[in-house]
Amino acid sequence: MKKINGILLIDDDGTTNLVNRRLIERKLPVEKLLVAVNGEQALNILQNYIETHNQKAPELIVLDLNMPFMDGFEFLEYFKRKNFCNKTQVRLIILTNSTYEKDKEQFDKIREDKWFFMQKPLTEDKLKKALDYREMYV
């Protein structure tokens with residue numbers, strides 16, 4: 001099974017990050033698992049990762065919407081403008097407690113292929129859907 005080059009978890013809740021990290025470590029072979037507590041910190045981690053990994057971003061980003069300093073939508077605006085060589089291959093999960101239809105509608109306006117909007121908690125089935133094992137593990 002091919003290792004995933006990197007996964008970036010972005011959530012301001014430490015317990016959520018811990019639970020998601022443990023799930024991923026049990027279920028996926030991942031080279032580098034990174035954690036950020038807000039969008040601003042995530043951008044710094046992402047920039048550093050891209051610079052040290054031949055202009056490639058992590059293959060999976062799990063992003064909360066409601067965070068201090070920079071929310072998930074602000075992070076996505078930056079992410080869409082950022083240039084790196086594996087941009088179309090990055091899977092992104094918006095993982096949220098939000099039940100606001102306007103959040104889903106806003107996501108649908110900016111959504112790209114391989115981007116998913118899912119309700120918390122992260123599960124093995126949600127990971128499988130986002131990663132699409134047929135593509136990821138050939």
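This structure is a prediction, so every number in the text was calculated from the model and none was measured. Atom set for the values below is all heavy atoms of this structure, side chains included, hydrogens, waters and symmetry mates excluded.
- Between the side chains of Gln47 and Lys82, at least one donor-acceptor pair of N or O atoms lies under 3.5 Å.
- Applying the ring pair (Phe, Tyr, Trp, His ring centres under 6.0 Å) test to residues at least two apart or on different chains, none of the pairs has a partner in residues 14-48.
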Practice item. Please test Leu95 against Asp64 for side-chain contact (heavy atoms from CB on, under 4.5 Å), starting from the C-alpha separation and ending with a verdict. Key: CA-CA 5 Å; Leu95 194 65; Asp64 186 24; over 6 Å; no

Exercise for review: List the steps and the verdict of side-chain contact (heavy atoms from CB on, under 4.5 Å) for Thr88 and Asp113.
Suggested key: CA-CA 8 Å; Thr88 60; Asp113 190 37; over 6 Å; no

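- Annotation for Lys56 and Cys85: closest pair CG-SG, 3.3 Å, computed over non-hydrogen atoms.
- Two residues are said to be in side-chain contact when any heavy atoms from C-beta on lie closer than 4.5 Å; Thr96 and Gln119 meet this criterion.
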Practice item. Decide salt bridge (charged side-chain N to carboxylate O under 4.0 Å, His left out) for Lys109 and Glu105; before the verdict, give the C-alpha distance in whole Å, the side-chain angles of both, and the deciding distance to 0.1 Å. Key: CA-CA 6 Å; Lys109 288 178 185 174; Glu105 289 170 5; over 6 Å; no

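- When each of Arg21, Arg22, Lys27 is checked for a salt bridge (charged side-chain N to carboxylate O under 4.0 Å, His left out) with Glu25, only Arg21 meets the rule.
- Hydrophobic cluster membership is shared by Ile110 and Ile94, with clusters built from Ile, Leu, Val, Met, Phe, Trp and Tyr side chains linked at under 4.5 angstrom.
- With respect to the salt-bridge test (charged N to carboxylate O, under 4.0 angstrom), the residues Asp125 and Lys129 do not qualify.
- Note: the hydrophobic cluster containing Val37 does not contain Leu43 (ILVMFWY, side chain heavy atoms under 4.5 Å, direct or indirect links).
- Under the 4.5 Å side-chain heavy-atom criterion for Ile, Leu, Val, Met, Phe, Trp and Tyr, Trp115 and Leu63 are members of the same hydrophobic cluster.
- With salt bridges taken as basic N to acidic carboxylate O contacts below 4.0 Å, one links Lys80 and Glu112.
- Across every non-hydrogen atom of Ala42 and Ile10, the tightest pair is CB-CD1, 3.4 Å.
- The minimum heavy-atom distance between Asp103 and Phe117, with the atom names listed, is O-CE1, 4.0 Å.
- Here Thr16 contributes atom OG1 and Leu9 contributes atom CG; the two are 10.5 Å apart, rounded to the nearest 0.5 Å.
- Side-chain atoms of Glu40 do not come within 3.5 Å of backbone N or O of Met70 as any donor-acceptor pair.
- Expressed to the nearest 0.5 Å, how far CG of Asn38 lies from CD of Glu74 amounts to 10.5 Å.
- Smallest separation of non-hydrogen atoms from Val90 and Ala57: CG2-CB, 4.1 Å.
- Contacts classified as ring pair (Phe, Tyr, Trp, His ring centres under 6.0 Å) and involving residues 38-60 (residues at least two apart or in different chains) are given here: Tyr49-His53.
- The nearest pair of heavy atoms linking Leu46 to Pro58 is CD1-CD, 3.6 Å.
- Taken from CG in Leu76 to CZ in Arg111, the straight-line distance is 12.0 Å, to the nearest 0.5 Å.
- Every residue was checked against the salt bridge (charged side-chain N to carboxylate O under 4.0 Å, His left out) condition with Glu31, not counting sequence neighbours, and none meets it.
- Follow the hydrophobic side-chain contacts under 4.5 Å out from Phe79 and you never reach Leu60; the two are in separate clusters.
- Taken from NZ in Lys87 to NZ in Lys114, the straight-line distance is 14.0 Å, to the nearest 0.5 Å.
- In Asn44, the CG atom is crowded: over 12 heavy atoms of neighbouring residues, nucleotides or ligands sit closer than 6.0 Å.
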Exercise for review: Please step through side-chain contact (heavy atoms from CB on, under 4.5 Å) for the pair Phe116 and Leu92, ending with a clear verdict.
Suggested key: CA-CA 6 Å; Phe116 304 89; Leu92 190 136; over 6 Å; no

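- Expressed to the nearest 0.5 Å, how far CD of Glu51 lies from CZ of Phe84 amounts to 13.0 Å.
- Remark: Gln41 CD to Leu34 CG distance equals 10.0 Å, nearest 0.5 Å.
- Asn17 contributes a side-chain N or O that, together with a main-chain N or O of Asp11, makes up a donor-acceptor pair within less than 3.5 Å.
- Hydrophobic clustering, with ILVMFWY side chains joined whenever heavy atoms are under 4.5 angstrom apart, keeps Leu8 apart from Val35.
- Contact of the Leu23 side chain with the Leu127 side chain is registered, since non-hydrogen atoms from C-beta on lie closer than 4.5 Å.
- A donor-acceptor pair under 3.5 Å links the side-chain atoms of Arg91 to the main chain of Ala130, judged by distance alone.
- Between Ile93 and Met118, the closest heavy-atom pair is CG2-SD, 3.8 Å.
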Review point. Checking side-chain contact (heavy atoms from CB on, under 4.5 Å) for the pair Leu65/Phe107: CA distance, chi angles, key distance, verdict?
Key: CA-CA 10 Å; Leu65 280 184; Phe107 174 76; over 6 Å; no

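- In terms of modelled atom types and a separation under 3.5 Å, the side chain of Asn86 and the main chain of Gln89 share no donor-acceptor contact.
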